[in-house]
Amino acid sequence: MAKAKQGVAAEPRIYDTLIVGAGISGLCAAIKMKKAGYHDFRIIEKAQRVGGTWRENTYPGCGCDVPSSLYSFSFAPSSKWSHLFARQPEILSYLEEVSADFGINELIDFGTELDNARWDESQALWVLDTSVGGNKAKILARSVVFATGPITEAQIPALPGLETFKGEMFHSAKWNHDYDLTGKRVAVIGTGASAIQFVPQIQPKVKELHVFQRTAPWVLPKPDMNLGDTSKQLIDKLPVIQQVWRQTVAQSLNAINFGLRNPAALKPVSAAARQLLRVQVKDRALRKAVTPDFTLGCKRILFANNYYPALQADNANLIPHGLVAVDGNTVIAANGERHEVDVIIWGTGFEVSHPPIGRRVMNTRGERLSEVWKNSSPEAFLGAALKDVPNAFLVLGPNVLVYDSFISLAEAQLDYIIDGLKTIKARGISRLTVNPSVLARHNARVQKHLKTTVFNSGGCKSYYLDQNGRNFAAWPWSLKALRQRLSSFNLADYDVQYGSAQKRTAA
């Protein structure tokens, strides 16, 4: 910040780009921007350390269900993973090391939360209102990268009588490590990706464990193993091992993606999974309750080796119904079943049907994006460019998810986004927005091809489908196809305004 002459207010600092968020996407954006020679940017992060979802989620057993070889940046491989599937503490440690190694920490304003972002048409600038401690501050930037992620806002349903509960209650993403669960009667609400990891960890400690399952998920065996010091040393000395490992995992995930796009190909896997359940779950009633009634892949496929054993323990009770009400310390299931508990743990996931950043961003018409999305499904061009939101990009936005590592998706998208930022700067563009007709054609094609995927035709209700029944999340083709589409930034897809010109010109 330049010093002001006596009696003269300092000119506000204007960045070429501001990055919002220092999780996986934000760190990746910053590193790739530096590598591309793009240096006039800053990052704001509401927390006091990097890490995003891997900083926030610290529940027992928290880890990744994508092999660690692929759940790492392609430009920063690591030989430190303790298992084939990395645990939360080491993923967080990895992200912190990467941030330090690439000199990103000094570019981050920690403890700075975005309150509101609006485009100032008269200045062709983004004005970002932020909170730093108890103080307010404005930041100006010519462009913005919203790298806030799709799984950031914990979701707790509003249920009748919830305010009457007098016991301990927390969400898995806000785990209360100070509370001892030993000997307690615990209700776990939800059987998604987080619950199947923490349920086996808490089951041996608690007196009673009541697991409320609204929909039975597909839980397949997790091919995990301890790598050990010898393996890690070998990977460190021979990087080619990591490269081959990464390629092998990528090919495996590509095969799963083919099945998700062509559900008939997954029928043999579904049949094998049902047979495996007969071996894993001996009790017929429990086996029936945990057997999914939809096509494999319609909802997120889960991987665990200890979940079904935990449900069969003497102190565990699976309730194949959702929680509908709370009466004091009594939890009530949809079938009327009642249990008195000391603790409620919400494994109910996150608000993903509408990107949470929408509550803080306004379009050129002065409308908050969250309000726009209330009556219509969120749309983006290639998951990155939003209608009437100039000079801004969203990482991991609508209809870009492929069954793969979030890191791989972010890297592919950010190559495109940074190409766009460089184009804006090199060509003297003051205002760039995706062309409405391009956006409409793109999303019509996406929705058409999603109809035959397992997400839309598999017979389940998942977070991929929003309140309108529209698939807002998935990409209907392969990761290779997504990378090809994101390989270069085509200015013809956007409406642009150069310099101080007031009339928008089609590129």
Side-chain angles (χ1 to χ4, degrees), residues 21-28 45-73 76-101 104-105 110 147-155 170-181 188 190-205 217 219 222-228 231-232 249 300-307 310 345-350 352 396 404-410:
I24 287 171
S25 301
L27 294 179
C28 188
E45 166 55 54
K46 64 181 180 181
Q48 296 297 336
R49 62 194 297 197
V50 304
T53 189
W54 296 107
R55 177 194 63 236
E56 297 300 315
N57 286 269
T58 62
Y59 58 81
C62 183
C64 191
D65 57 8
V66 173
S68 50
S69 61
L70 200 61
Y71 206 86
S72 50
F73 297 118
S78 173
S79 60
K80 297 180 180 180
W81 306 117
S82 64
H83 292 74
L84 286 180
F85 292 81
R87 278 49 172 169
Q88 176 268 335
E90 57 189 349
I91 297 174
L92 178 58
S93 177
Y94 167 77
L95 294 174
E96 291 180 326
E97 287 181 14
V98 168
S99 183
D101 291 345
I104 304 304
N105 288 343
F110 289 106
T148 47
I151 48 175
T152 58
E153 301 289 337
Q155 183 172 256
F170 52 85
H171 192 278
S172 62
K174 303 292 181 184
W175 196 273
N176 184 357
H177 291 277
D178 294 329
Y179 186 83
D180 186 3
L181 292 171
V188 171
T191 53
S194 300
I196 69 152
Q197 291 185 337
F198 72 73
V199 161
Q201 303 299 317
I202 68 172
Q203 174 270 315
K205 301 178 181 179
V219 183
K222 192 171 189 176
D224 199 9
M225 64 177 288
N226 191 324
L227 292 176
S231 298
K232 289 189 281 187
V249 172
R300 180 176 174 179
I301 303 172
L302 308 179
F303 297 91
N305 301 322
N306 52 6
Y307 178 65
I345 302 176
W346 300 98
T348 43
F350 301 86
V352 295
L396 300 176
D404 204 284
S405 161
F406 266 15
I407 292 182
S408 297
L409 296 180

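One-based numbering along the sequence shown.
- A centroid separation of 6.0 Å or more is found between the aromatic rings of Tyr94 and Trp54.
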Chi angles and distances behind the ring pair (Phe, Tyr, Trp, His ring centres under 6.0 Å) call for Trp81, Tyr71
CA-CA 11 Å; Trp81 306 117; Tyr71 206 86; 8.2 Å; no

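- For NZ of Lys222, the number of neighbouring non-hydrogen atoms (other residues, nucleotides, ligands) closer than 6.0 Å is greater than 12.
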Go through the steps for Asn306 and Gln201 under the test side-chain contact (heavy atoms from CB on, under 4.5 Å), then give the verdict.
CA-CA 9 Å; Asn306 52 6; Gln201 303 299 317; 3.9 Å; yes

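- Ala310 and Val199 get closest at one heavy-atom pair: CB-CG1, 4.3 Å.
- Here the side chains of Ser99 and Asn105 are in contact, with some heavy-atom distance below 4.5 Å.
- Judged by distance alone, the side chain of Gln88 and the main-chain N or O of Cys62 form no donor-acceptor pair under 3.5 Å.
- Note that CD of Glu96 and CZ of Arg49 are 4.0 Å apart. Values are rounded to the nearest 0.5 Å.
- Ser405 places a side-chain N or O within 3.5 Å of a backbone atom of Leu70 that can act as its donor or acceptor partner.
- Separating the CZ atom in Phe198 from the OH atom in Tyr307 is a distance of 9.5 Å, to the nearest 0.5 Å.
- Judged by distance alone, the side chain of Glu45 and the main-chain N or O of Val50 form no donor-acceptor pair under 3.5 Å.
- Arg300 places no side-chain N or O within donor-acceptor distance of the main-chain N or O of Ala193, the cut-off being under 3.5 Å.
- Taking the side chain as every heavy atom from C-beta outward, Ile24 and Leu95 approach each other to under 4.5 Å.
- Looking at Thr348, its side chain does come within 3.5 Å of a backbone N or O of Gln155 through a donor-acceptor pair.
- Annotation for Asp224 and His83: closest pair OD1-CB, 3.5 Å, computed over non-hydrogen atoms.
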Check against side-chain contact (heavy atoms from CB on, under 4.5 Å), Thr53 and Phe406
CA-CA 11 Å; Thr53 189; Phe406 266 15; over 6 Å; no

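- A donor-acceptor pair under 3.5 Å is absent between the side-chain atoms of Ser172 and the main chain of Ala195, judged by distance alone.
- Interatomic distance, Cys64 SG to Glu90 CD, rounded to the nearest 0.5 Å: 10.5 Å.
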Please report the C-alpha distance between Tyr59 and Ile345 in whole Å, then the side-chain angles of each, then the deciding distance to 0.1 Å, and finally whether the side-chain contact (heavy atoms from CB on, under 4.5 Å) criterion is met.
CA-CA 11 Å; Tyr59 58 81; Ile345 302 176; over 6 Å; no

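- Of all heavy-atom pairs between Leu302 and Pro217, the closest is CD1-CB, 3.7 Å.
- No donor-acceptor pair under 3.5 Å is formed between the side chain of His177 and the backbone N or O of Pro60.
- Between atom CZ of residue Arg87 and atom CG of residue Leu92 there is a gap of 15.5 Å, rounded to the nearest 0.5 Å.
- One finds the CG atom of Leu27 at 7.0 Å from the CD1 atom of Ile104 (value rounded to the nearest 0.5 Å).
- In plain terms, the two heavy atoms of Ile196 and Ala304 that are nearest each other are CD1-CB, 3.8 Å.
- Checked by atom type and distance alone, the side chain of Asp65 never pairs as donor or acceptor with a backbone atom of Phe303 at under 3.5 Å.
- With rounding to the nearest 0.5 angstrom, the CD1 atom of Ile91 is 10.5 Å from the CG atom of Asn57.
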